[in-house]
Amino acid sequence: MPAPPAAPLAQVVPLTPVDGVYTYRVPPEMDAEAVAGARVVVPFGRRTLTGVVVERFGDDDLDPETAPKLKPLYDVLDARPAVPADLLALTKWVADYTLCTWGEALKAALPSGTGVESRRVVHGLAPPDAWDEPRGRKVLRALQERNGAGLPVAQVAGVLGRKTVPQNLLRRLEAAGAVRLDDEVQEARARAKTARHLRLATPPAGGNSRTVRGARQTALLEHLAGVGEGGAVQAEAFAATGATSSTVKSLEARGLVEAFDAEVERRADGLDGPAPEAAPPVDLHPAQEAATDAIAGAIRAGRGGTFLLHGVTGSGKTEVYLRALRAALDKGKTAIVLVPEIALTPQTVRRFRAPFGDAVAVLHSRMSPGERLDAWTRIRDGRYPIVIGPRSAVFAPLDNLGVIVVDEEHEASYKQFDPAPRYHARDVAVMRAHRAGAVCVLGSATPSLESVANANAGKYTRLEMPDRVPVRGPDGTTHAPAPLPPVRVIDLGREKQVRRLKGALSHDLRLAIEARLGRGEQTILLQNRRGYAPVVTCEDCGWTPTCTDCAVSLTVHRDRYGKLSDQLRCHYCGLTERLQPACPECGERDLRLLGQGTQRVEEEIAEVFPEARVLRMDLDTTSRKGAHRKILDRFGRGDADILLGTQMVAKGLDFPRVTLVGVVDADTGMLLPDFRASERTFQLLAQVAGRAGRHELQGEVLLQTRNPDHAAIRFALAHDFHGFAHVEMAERLALGYPPYGRLVGVEVKGPEQRSTEALAERWGVALGQEAQKVAGVEVLGPAPALVGRVKKWWRYHLLVKAPRTLPPSVLAAVVRAVRDRVGAPGGHRVNLDVDPVGLY
Ligand SMILES: Nc1ncnc2c1ncn2[C@@H]1O[C@H](COP(=O)(O)OP(=O)(O)OP(=O)(O)O)[C@@H](O)[C@H]1O
Ligand SMILES: [Zn+2]
Ligand SMILES: [Zn+2]
């Protein structure tokens, strides 16, 4: 018997939206492993749940009444704690700040598919004819056929051919002792992956060198001799030697080779694989040097601190990140690099892997649960000191952090909407680095106004790189910095343009594309709308198809087969139906397609420039795994003249032959009723403009717009971030919006309009009452959301607004009080969103 543990109790946070911390007894045999950060399986009411131990403590102070009633842990899932101590504290902070439960925040820090969930299962105890009711007999018969194996409760409905589980019947059967209901623990879905391996048989049985062998057999034997005991993955051995299964069969038959299954690490989507060759080291130019000195200096000194690296597109920010990583590694520390999901291209990954090779782990959202689990486990085991990934990588289980880099820190995709925690990875990065004494680097050509305000206030150290790096010619000589490309506005509202405009592309833009085609240069075209036409309407009666489940009009999609198979799709719920050739209201055949999606622009290019090779990149062409990479690879190889797409084409791409960037409709999104619409438009335009003329060839940018006087357009024209920030900040100040104010968004949702609206009203009243107790807090709304219904759920919004000077915890308390008082009764849902980035 092991000695009884000194701290026989554990505080456990369940990995569910259940709030609170619960106390369990730790059985002596689990004492060593049930430490803070370990995942455990616990009984919870009638369920069995996975949770995380957050603290161990003794029972000295415990009321002797309750102590014996505490339930024991069922199991410990980790030999090593899944959640390192600093992440326990960090997730607690995330939970408090974003108004979610600690369990929800912990879940974000763990790879999906690793939990244990229970399901209710019925076991039959009596023969069918012991029951006189036909439905009960049917259930008992089904259970009898399973020979003692349980039937999940959810499937009992199916046995009776019904939709809902007959809970009453089950209760009666249970009470009569005819069935037993159990909780059965389901194991984690994701498991380690195995693959067939080959190795030389030991000892070689009867193999003699005089046996006649083919070239493939010889090659395979030599290959396997080179890899030793551990063997080689069969598929890889085949690829390397040209051997096939029949080669293996004959070698196996002669006892020379043996096959076995062994665990392999899943590798993801071409972002992994052997490390690319290291590029020759570059000499930093002075601005890079200064930035590097500041950042690396802070890392070496272990000083910590947050740096805002504001460098124009092509100013060489990545090189600065690489030096920061080097400084951390040299100190024996680890590093996280966050990139927006869409910028997680092979091009980006290659640049980080080239100098650091297999020290880099890549996480991304296209990984299967198994791939994710493998990568996560190895990171936790200390195999990779550098982790690169999208927002969730901010929770990577690394010890001893030296630096966190957040590239393109202004990107909205760093904010998680659903499910909770609704965290902003940039803010979590700053906090995590701060707590770890590490350095945080926020880089962007167009920093968020929040970060600019923090730099202005002296909280972040500002580092500026106002010029592009000097370009190196093919002959090895360097030239003066390539200037940012000139930007020209094409005012689509002007009469001359209107007269000549036949589709989406103006006369001037067409000429510019033609010139590139003539010179063998490349063009990037941004049209931030997918599909063919955003709206279709009847010329006669004005009918417009809308989604049955969402309050939006349907987008026309014209895939492969041309007009006759036009489809209508809802971009909110995915509903798809055929576009009928006539108006269903009045029978009119003249349906008009309004607006330009990427497919329609693609069609226009094909008509105007039949010889041009076009690649389209949007959600529809990149849904398949690896598709994104393939498109960029082809464009990079010069297999296409034009890359056309949504905002996916705007970010992070670095192709030397791109000399023209055309923005088909700069106004998309500019006029949305969202205080950030202007900022986002400016960022998008500045980023896409930055794709042109990055190397020797001079670039040019054309913006088509109907609002040439809009601030976002005017300042994008001049590449004037500071001018834009100045004007926009003044506006935010006047309105009390971030970065001068704090916001909490409240979304009230429900399947029924009246009750949802009524609940939103009650939230409004209660928030108003709470707000009166705190100076400066204001409540806006409720109002129907911009899209007032999504997937059959009605949506209402409220906004709680407070001055920046009010501590976030005070504002949080206001909202929490209302959540406790009003809540989300009657099947409604209320989502709280602290620092929302999109009011839609
Ligand atoms: N010191 C240097 N000497 C020579 N070439 C450099 C140097 N620093 C960066 N480069 C090259 O200049 C180009 C632009 O650099 P980089 O992509 O890092 O810029 P960036 O600031 O990240 O741009 P963006 O914000 O547009 O992504 C790259 O091709 C990079 O390899
Ligand atoms: Zn009609
Ligand atoms: Zn819909």
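Atoms within each ligand, like the ligands themselves, are counted from 1 in listed order.
Checking Asp566 against Tyr532 by side-chain atom types alone, no donor-acceptor pair falls below 3.5 Å. A donor and an acceptor atom, one from each side chain of Asn528 and Thr668, are nowhere located under 3.5 Å apart. A donor-acceptor pair shorter than 3.5 Å can be found between the side chains of Glu409 and Ser448. For the residue pair Arg529 / Thr555, no side-chain donor-acceptor distance below 3.5 Å is found, with atom types taken as modelled.
Contacts between Arg468 and ligand 1 below 4.0 angstrom, taking non-hydrogen atoms only, are absent altogether. When heavy-atom distances to ligand 1 are checked against a 4.0 Å cut-off, Met465 has no atom that comes that close, whether in backbone or side chain. By the criterion of a heavy-atom distance under 4.0 Å, the side chain of His695, and not its backbone, is placed next to ligand 1. The proximity of Thr318 to ligand 1, defined as any non-hydrogen pair under 4.0 Å, involves the side chain as well as the backbone. Contact annotation: for Thr313 versus ligand 1, heavy atoms closer than 4.0 Å belong to both the backbone and the side chain.
For the Zn ion (ligand 2), protein N, O or S atoms under 2.8 Å: 4 in total.
Note on residues 714-723: no pairs pass side-chain hydrogen bond (donor to acceptor under 3.5 Å, both in side chains), not counting sequence neighbours.
Aromatic ring pairs are classed by plane angle as parallel below 30°, tilted from 30° to 60° and perpendicular above 60°; the pair Phe724 and Phe682 is parallel.
At least one heavy atom of Arg694 sits under 4.0 Å from some atom of ligand 1. Contact annotation: Arg351 has at least one heavy atom less than 4.0 Å from an atom of ligand 1.
Taken from CZ in Arg589 to CD in Gln580, the straight-line distance is 10.0 Å, to the nearest 0.5 Å.
By the criterion of a separation under 2.8 Å, the protein N/O/S atoms near the Zn ion (ligand 3) amount to Cys547 SG, Cys550 SG, Cys570 SG, Cys573 SG.
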Throw together a table of side-chain donor-acceptor distances under 3.5 angstrom for residues 640-650, partners on residues two or more places apart or in other chains.
from	atom 1	to	atom 2	distance (Å)
Asp641	OD1	Arg613	NH2	2.9
Asp641	OD2	Arg613	N	2.8
Asp641	OD2	Arg613	NE	3.3
Gln647	OE1	Lys651	NZ	2.6

